[in-house]
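Below is one structure, written out as structure tokens, with a few remarks after it.
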Amino acid sequence: MSKLPNIGTSIFTVMSKMATEYDAVNLSQGFPNFPVDKRLTTIVAQLASENVHQYLPMAGYPPLLTKIAQLTYRSYKRTIRTDTEILVTAGATQGIFTTIQALIKSNDEVIILDPSYDCYEAPVLLCNAKPVRVPLNDNYTPNWEKIENACSSKTKMIIINNPHNPTGKIWIHSDFEALENILQKYPEMIVLSDEVYEYITFEKKHISAHTRENILNRCIIISSFGKSFHVTGWKIGYLIAPEHLMKEIKKVHQFLVFSVNSICQVAISNYLDLVSVEEISQLYIEKRNYFCALLKESRFKLLPCEGTYFQVASYASISNENDVDFCKRLITEHGVAAIPISTFYENNKDNHLIRFCFAKDNATLEKAAKKLCAI
Ligand code: PMP
Ligand code: GLN
């Protein structure tokens, strides 16, 4: 009998596979297709012949832990302890899975805000716990009344994702204030803050949970080097948590992964001496603006995009089909792959919206836009 009877293959796998089969321009799964920074590839090439091929300490390569602490201080003015509060993970996905396995018990409830990224629900179900999906408002801001109504003494965790995949929405201060009010009423509840797109924001500045002092002792914050440094295939990220939670998280991590692959850890550590995270938003704002300008004459209506490398678009003036069928036809008849937004909802709510990934070189964006404008 299946432990996850209602979980199928991830939509990102399905759409990328279909894009390959039909030789479509793949703007579905979120990964960059432009070359990785030469400074980083040079470091990796050199490291291959050095003595970096054995297990590293369980929590991470010590110089990398120091640099993560420095980066966190530079970005958010938060001081963290390298020995007790940082864990390098095999991508954000493993950080999220490990955290949930370590901290959620049978019959606990975990609040997930819909539309939501797909890796939150399964680990909750595997704990015999209950995911409680709460819809965001129509403009994708959190609906605090609905969230509070969903909370009870059973609620152990709320998962927040900011900047938000798929909508690109960014929280404002009053959202954190509302969250903090709820947390005061439910002292057992902790926060899992997925901030993998923290360095991809545009006109509005990202507010990190790192800056919310009142909640830091009950908050796990997830980051991804794969996203920040355009190396999604490396599967490397990290989480920051207070010592009492980290102690539990490390108990699971040591038997799931033990330590994350050594070359990537040392390479990222050395690269952090050279790179500035401010470069990342600059790169992506140009890509977002270029892609949106290319689609200006199309029949797609583009929604605001405040962060991430995803652009949501409405196809309501083109077709009445549901978004999954529309995305399939977009591949088979028009040669462009996108992600249907309904798959981010528990009830597959369909608003005729699809998501394009614009983390692509200009030639790819131009090729896709030409096809999209012809529809
Ligand atoms: N969270 C969100 C919101 C994401 O979009 C992704 C996609 N990569 C992840 C987590 C997983 O990141 P990683 O590839 O580092 O596991
Ligand atoms: N985070 C990526 C996206 O939203 C997908 C990563 C994956 O396929 N697991 O497209």
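Counting begins at 1 with the first residue of the sequence. For ligands, and for the atoms within them, numbers begin at 1 and follow the listed sequence.
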| Would you call K227 and E198 a salt bridge, taking side-chain N to carboxylate O under 4.0 Å as the test? | no
| D273/K67 ion pair, N-O < 4.0 Å | yes
| query | Taking 4.0 angstrom as the limit, do E188 and K154 come out as a salt bridge? | reply | no
| task | Keeping the roles fixed (side chain from Q265, backbone from V260), state whether a donor-acceptor pair exists under 3.5 Å. | result | yes
| said: We want to know whether N347 and R133 form a side-chain donor-acceptor pair, criterion being a heavy-atom distance below 3.5 angstrom. | reply: no
| said: For a quick check: using heavy atoms under 4.0 Å, what are the residues in contact with ligand 1, sorted by chain and number? | reply: G91, A92, T93, Y117, Y120, N161, N165, D194, V196, Y197, S224, K227, K235
| task | May I ask you to decide whether R81 forms a salt bridge with E243, counting only side-chain N to carboxylate O separations under 4.0 Å? | result | no
| field | salt bridge (Lys or Arg N to Asp or Glu O under 4.0 Å) partners of E180, counting only residues at least two apart | value | R212
| note | Output for ligand 2, non-hydrogen cut-off under 4.0 Å, lists F12, Q29, G30, Y117, N165, Y197, K227, F310, R355
| request: Identify, with sequence neighbours excluded, every residue that meets side-chain hydrogen bond (donor to acceptor under 3.5 Å, both in side chains) alongside E306. | output: K204
| message | For a quick test of reading the model, state the closest non-hydrogen atom pair linking I100 to Y120 and the distance between them. | response | CD1-O, 3.9 Å
